[in-house]
Amino acid sequence: MKMSKLFVQTLREDPSDAEVVSHKLLARAGYIRKLTPGIYNFLPLMWRVLKKVETIVREEMDRAGAQELLMPFVQPKELWEESGRWEVYGKELMRMKDRHDRDMCLGPTHEEVITSVARDGLKSYKQLPVNLYQIQSKFRDEVRPRYGLLRGREFIMKDAYSFDLDEKGLDKEYENMAQAYKRIFDRCGLDTKMVQSDSGAIGGSVSHEFMVITDTDAGENDVFYCNSCDYSANSNHAISKLPTAVVDGGEYFTQKEIVDTPNTHSIEDLSEFLKIPSTLILKTLVYIVDKSPVLALIRADKTVEETKLMNAAGGIEIRIATSAEIAELMEQNGFCAVPGFIGPMKGVKTVIDETARDMKNFVVGINQTDKHMVGANLEDLGLEDIKFTDIRLVDAGDFCPVCGKPLFVTKGIEVGNIFKLGTKYSKPMNAVYTDADGKNVPYVMGCYGIGISRTAAAAVEAHHDEHGIKWPISIAPYHVVVVPVSTNDETQMSCAEKIYKELIEAGVEAVIDDRDERAGVKFKDADLIGFPFRITAGKTLSEGLVEFKVRETGEVKNLTPEDAVKEVIQAVLG
RNA sequence: CGGGACGUAGCGCAGCUUGGUAGCGCACCUCGCUUGGGACGAGGGGGUCGCAGGUUCAAAUCCUGUCGUCCCGACCA
């Protein structure tokens, strides 16, 4: 490819809306261009990268025994009603009507469609197991798309679905996919961690995410991990053993009583006012889960993990209540208290965290402003039935649930996930096979996703420097750029052209920078775009040598043109 | 959903307070010069100033509405 004809416009400045490095670099280097929020054009360089990632994914999925197909992007409401998700999916599901006024949606994921495909085709136990996948654009109408390709609304995803006779078959396929994923990300030059995760709106029981570990904002997930064993989990799923703390207020409060606690609107205020550790306070938080209030009771030094609470409350959408909603809730239950003094109350759905189990003689809000009860115990709270659930966010330094060593936390970009779905879709959608005894049995399903475009962006997050992108060879848009420093110098030009031709003939993806630009411009662009190798025909040519530069390491050496070509061929084609 | 900010050329921005021929840098075109890390000089093309109303002799500028975009927050009681 001639650089002069390559469709790429590099920018000197970051686009004003880009926050994370992958967004800035991909935009500056001419890989992507925003059409509207969360929706991007994948320009020729980007498309080459995406195709490389796709090819790796395809090869490994095929090798793992999966079969590729392509399902429709537009889907009818009826299918989503069968699974029950039309009602529960929320605003992320982009809904629309066709000309006949029929409800349709853009596919955010394809469990419904694949299940319908399977039930039409997979009738006998003799046909199972099967794993089907596709690579396709998905649309999720994110509340707040950001970080460029990392959280877009329209994005490219590989989604695979497996159909097995039973749980045992699913377990085997799940492991098979985990291995395939590891190979895929390794080949993409990404170091990933497989972590336990909540299974979220997709549903199911067991799930893992593949995280690219990063210490920047681009990592939207917190990952807790143990250095002593292999435990690691997304914060929405992580559990831990707590460090010991004071949980019996016996030495502070010898009897149960109601005390004045004026203006103690925060736990900090309250613990300071009463001169007690916050581990002696049971705090009450009001959440709205699927439009209904839910009280969360948790030891005050700890934080509620919203996904855990949402699951405990059996909902699919959660947010903290506004002060207006709290006021309304107070009024409905005959109380009048402002945040800071909220406590348990009858008749409102309540979830109690495990941390409350051992608490004795503690402090708790009683729904009266400027008052708290001290020396309280759980049975004093008038709760109908007391059950403990883990709804706590793990803190770094808590102890590993497996081996007991302290946990560490880091940020991660989720590039893939695998779920055991079981019969969550096959049952309601009546997707069954006939077994050897002639009985109809629902398939046991799994689903496995990889964000293709997100993987490419994550690779930029993981491989860049202040000059630009440093693509891993396997997914670079081109392998090498050949730079004649001066296009007017016939010796340089003919040398560059010869090298370029030899590389192309050997099967290397090469670009020749034939632009009539100064060397500095060509070098800056080469670094920004991120060609893994650069061969420069310039001043060293007087000694019969060209410069060979490795983008990843910055290593530079002068070689004969023949050796430079060999070096690239060796690195690229093995 | 709440708050804030911003919409002026492909990109990044100034101009608006105090109304009077629409500017700068990058990019683009031409010529010259230059050629190993985003040179320089001269010339040039490109914008109904988001949109719609209003005020005015006159609106990018003032007023109203509207659409869009970005950021922050969404209460740990």
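Order of the sequence lines fixes the chain letters, A, B, ..., with proteins taken first and strands second; residue numbering starts at 1 for each chain.
Nearest-nucleotide positions on RNA chain B for A:G538 and A:A321 put A:G538 closer to the 5' end. Residue order along RNA chain B, read from the 5' end via each residue's closest nucleotide, puts A:D525 first among A:D525 and A:E268.
With both pairing distances under 3.5 Å, B:A27 is matched to nothing as a Watson-Crick or G-U wobble pair. Both distances falling under 3.5 Å, in either a Watson-Crick or a G-U wobble arrangement, place B:A5 opposite B:U69. Across all strands shown, B:A14 forms no Watson-Crick or G-U wobble pair with both distances under 3.5 Å. B:A22 is unpaired under the Watson-Crick or G-U wobble criterion, no partner having all donor-acceptor distances under 3.5 Å. The pairing partner recorded for B:U64 is B:A52, the criterion being a Watson-Crick or G-U wobble arrangement whose two distances lie under 3.5 angstrom. Partner assigned to B:G36 is none, using Watson-Crick or G-U wobble distances below 3.5 angstrom.
Contacts of A:L270 with the nucleic acid, taken as non-hydrogen atoms under 4.0 Å apart, are absent. Residue A:V483 is out of contact with every strand shown, counting any heavy-atom pair closer than 4.0 Å. Nucleic acid contact for A:T264: none, since no nucleic acid atom lies under 4.0 Å from a heavy atom of the residue. Nucleic acid contact class of A:L528 (heavy atoms, under 4.0 Å, all strands): base. Residue A:R319 is classed as having no contact, given no heavy-atom separation below 4.0 Å to the nucleic acid.
For A:S16 and B:G12, the shortest distance from a side-chain N or O to OP1 or OP2 is below 4.0 Å.
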Distances for protein N/O vs nucleotides 32-35 of chain B N/O pairs under 3.5 angstrom?
from: B:U34; atom 1: O2'; to: A:R518; atom 2: NH1; distance (Å): 3.3
from: B:U34; atom 1: O2; to: A:R518; atom 2: NH1; distance (Å): 3.0
from: B:U35; atom 1: O4; to: A:N488; atom 2: ND2; distance (Å): 2.8

Expected rows: protein N/O vs nucleotides 23-27 of chain B N/O, under 3.5 Å:
from: B:G25; atom 1: N2; to: A:E13; atom 2: OE1; distance (Å): 3.4
from: B:A27; atom 1: OP1; to: A:R12; atom 2: NH2; distance (Å): 3.2

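B:C49 and B:G7: their P atoms are spaced 14 Å apart (whole Å). B:C16 and B:U8 have their C1' atoms separated by 11 Å, with the value rounded to a whole Å. With P as the reference atom, B:A42 and B:G47 are 24 Å apart, rounded to whole Å. Atom C1' of B:A5 sits at a distance of 40 Å from the matching atom of B:G43, rounded to the whole Å. Going from the P atom of B:C24 to that of B:U18 covers 26 Å, rounded to whole Å. Of the P atoms belonging to B:C70 and B:C13, the separation is 14 Å, rounded to the nearest Å. One P atom belongs to B:C51, the other to B:C71, and the distance between them is 24 Å to the nearest Å. Using C1' as the reference atom, B:G10 and B:G73 are 34 Å apart when rounded to the nearest Å.
Looking at A:R392 and A:E305, no side-chain N of the basic residue comes within less than 4.0 Å of a carboxylate O on the acidic one, giving no salt bridge. Between A:K371 and A:D260, at least one side-chain nitrogen of the basic residue sits less than 4.0 Å from a carboxylate oxygen of the acidic one, meeting the salt-bridge criterion. Ion pair A:K557/A:E555 flagged as a salt bridge, since at least one NZ, NE, NH1 or NH2 atom sits closer than 4.0 Å to an Asp/Glu carboxylate oxygen. Remark: A:K302 engages A:D395 in a salt bridge, criterion side-chain N to carboxylate O under 4.0 Å.
A donor-acceptor pair under 3.5 Å is absent between the side-chain atoms of A:N377 and the main chain of A:E379, judged by distance alone. For A:H479 (side chain) and A:E509 (main-chain N/O), a donor-acceptor pair under 3.5 Å exists by modelled atom type. Side-chain N or O atoms of A:D269 include none that pairs as donor or acceptor with a backbone N or O of A:E272 at under 3.5 Å.
What separates NZ of A:K557 from C1' of B:G36 is a distance of 20 Å, to the nearest Å. In this structure, the NZ atom of A:K539 is 8 Å from the P atom of B:G36, given to the nearest Å. A:E142 has its CD atom 15 Å from the P atom of B:U69, to the nearest Å.
With 3.5 Å as the limit, one finds no donor-acceptor pair spanning the side chains of A:S197 and A:H237.
Minimum atom distance to the side chain of A:E547 is reached by B:G36, of the listed B:C76, B:A39, B:G36. The nucleotide whose nearest atom lies closest to any side-chain atom of A:K524 is, among B:G37, B:C76, B:U69, B:G37.
Considering A:F531, A:Y31, A:F533 as possible partners of A:W471, the one that fulfils the ring pair (Phe, Tyr, Trp, His ring centres under 6.0 Å) test is A:Y31.
For a distance-only test at 3.5 Å, the side chain of A:D14 fails to qualify as a donor-acceptor partner of the base of B:G12. Side-chain atoms of A:K549 come within donor-acceptor range of the base of B:G37, with a qualifying N/O pair under 3.5 Å. Between the side chain of A:R534 and the base of B:G37, a donor-acceptor pair under 3.5 Å is found.
The side-chain tip of A:R534 points at the ring of A:F523 from less than 6.0 angstrom away and within 45° of straight on. Relative to the six-membered ring of A:F139, A:R153 misses at least one condition, a distance below 6.0 Å or an angle of at most 45° to the axis.
Annotation: side chain of A:D563 is not in contact with side chain of A:F548 (no heavy-atom distance under 4.5 Å).
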